[in-house]
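These notes are about the structure you will find just below.
Per chain, numbering begins at 1; letters A, B, ... match sequence-line order. In this text the structure is predicted, and so the values were computed from the model without any measurement.
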Amino acid sequence: MSEDTAQATELDPGVPILAMTQIAKHYGSSIALQDVDAHIHAGEVLCVLGDNGAGKSTFIKIIAGAHQQTEGTLAVYGHNRRFASPRDALDAGIATVYQDLAVVPLMSVWRNFFLGSEITRGWGPFRRLDVAAMKRIAKDELKKMGIDLRDVDQPIGTLSGGERQSVAIARSVYFGAKLVILDEPTSALGVKQAGVVLRYIAQARDAGLGVIFITHNPHHAYPVGDRFLILNRGKSLGLHEKADISIAELTALMSGGAELASLAHELERAST
Amino acid sequence: MSAATLTAADERVVRTNPLVVLLQRPEIGAAVAALAIFILFSSLTQAFLTPAGVSTWLYSASLYGIMAVAVSMLMIGGEFDLSTGAMTGTSGLMVGVMATHYEINVWLAVTIALAASLGIGAWNGWITMKTGLPSFIVTLSTFFILQGINLAVTKLITGTVAIQGMSDVPGFEQVKVIFGSVIRFGDFSLRASVLWWIALTAVATWVLLRTRAGNWVFAVGGQSHSARQVGVPVVRTKIFLFMGTAGAGWLVGMLSLFDVGTVQATTGIGQEFIYIICAVVGGCLLTGGYGSAIGAAIGALIYGMALQGIVFAQWDNNWLKAFLGAMLLLAVLVNLYVRRQAGVRS
């Protein structure tokens, strides 16, 4: 499957991995998302910014196949798609790394890497894990992400939060993902660890992946992003190329411009 | 940039103390303790190291060991089974009643008892998974049900609380070859149960460390939510583990029945905690996701040696319980340390 999607990319690099047009999602009578346009090519980072309740989760869930859009089109490599399930999205090469990462802390790095998709050899009752191959692959794949572990046998719980995040990313890439959605990967991390994750995002991008990076922190988004989608109360406040927007404008847009300006003004007076 | 990450990674690896790496093996605490107990009783008593003495404590350890290995797998999978002790009685009684009272072919009776035991294990697993109740409660209820049935049904059918005349049943000697053989080398007698114990420990270790199923056992015990997300069949894995402990209960029931030719209706009651203690002493975490079958086997060895060693030393038998309690606390403290070192930061 990964070969198929790889070929598709090579066919026409100009076609975006994912393009969304006029996407809307209604839950009954409430509108969670409306008129959202976004697109992402291989080797790009699309940042989705928004405060709590802005519609970020709904946006991810549609791409990840957990929910279906009510209106609008979603095209993967130029073909209109509607994902019936997360499995569908995965088969199309779209993997989601959720905040809890789906790792088992006490298990070793390589066992976590292959959990649920273990490589085996041998036959019948002698079918066994191909430990050497899995260790080698895990080590190599992590090296591609810039994590050089001498010992992939260590429990994944001994890695830092940022490194665990990267293992989760490397795992989805190895299992065929061409587009990785990262759900708030930096929100629970300290400044230094967040930096580590941002570096891995850049590395994944340089390796030719598409990365959708969900965050509410413009300072994390701006350095790595190529394009920024800002959501506010379920509506898109526009899709901006990096060249067209500064970090100050981004911050202002994201937190509802005028409100923040007045807050800053208020705080300034209070502190003097 | 990548050079920076490289050095960072190396620093972290270097920092790991080799002693800590060794201590991270789940079996290590139990192995050290076993050696200490062995030296203690070998020097204290004459009988302990004689061929006959070794045969005695090995046999004693084997019956606990078979159960402890199965219980350790279940505990690694994050669940408890309190019905294991009663299960050893139930399976023996089933065969005894069927063979002596209803004159069912003894091979058939053994097979029916196996099927029934696995069924009870599957029931424990199914109820636990379907209701989401703690397995502690579910199997506690199974324990009391089995304990009651063992006594009441045996009394109802045979009029007594023990099975008699088992060794006169046709076919008894044939089945005994599998479950009750004794191979003698001079004074040393190797009982079938010891071989079963060793074989089961080997198979369990292989399954745990080298098969997909084993990987899933660690995963469902360590973080079942994550395991489910990456496609591990959590419910199926856990139900199989419950069937494993029940199946081990059947095996021990058969080993005792065909060794001595009789079984009491109270057989196995109170033993379930000893199996759990053996597994914990062997390095299993009570919270699941960590442990070893070899460790559990060593835990049972410690118990077997202490059990017989105290007899050889002619100490008051009650010291065994005190010893067991102290061992448990020690083991849990070692586990706690290991867990901190293994760094479950999240």
Open item on the list: Looking at chain A, which one of G231(B), G214(B), G289(B), A219(B) has the largest number of heavy-atom pairs inside 4.5 Å, strictly under?
Closed with: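 Going by pairs under 4.5 Å, I would pick A219(B).
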TODO: Could you tell me which of V207(B), L209(B), N215(B) has the largest number of non-hydrogen atom pairs under 4.5 Å with chain A?
DONE: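 That would be N215(B).
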So does [X] have more than 12 non-hydrogen atoms from other groups sitting under 6.0 Å from [atom1]?
| X | atom1 | value |
| --- | --- | --- |
| F179(B) | CZ | yes |
| R236(B) | CZ | no |
| F126(A) | CZ | no |

- [ ] Drop me the distance from N112(A)'s CG to F218(B)'s CZ, to the nearest 0.5 angstrom.
- [x]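 Result: 12.5 Å between the selected atoms.
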Open item on the list: Measuring from atom CG of L115(A) to atom OG of S226(B), what distance do you get when rounded to the nearest 0.5 angstrom?
Closed with: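 Answer rounded to 0.5 Å: 8.5 Å.
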Task: V230(B) and V103(A), any side-chain heavy atoms less than 4.5 Å apart - done: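 No, every pair of side-chain atoms sits at 4.5 Å or beyond.
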TODO: Check whether any side-chain heavy atom of Y290(B) lies under 4.5 Å from a side-chain heavy atom of M107(A), and answer yes or no.
DONE: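 With C-beta onward as the side chain, the pair stays apart.
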- [ ] Begin from the C-alpha positions of T211(B) and R127(A) and carry the test side chain to side chain contact (heavy atoms under 4.5 Å, CB included) through to its verdict.
- [x] CA-CA 7 Å; T211(B) 69; R127(A) 206 172 128 198; over 6 Å; no
TODO: Check G116(A) against R212(B) and note the closest heavy-atom contact, atom names and distance.
DONE: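 Heavy atoms of G116(A) and R212(B) come nearest at O-NH2, 3.4 Å.
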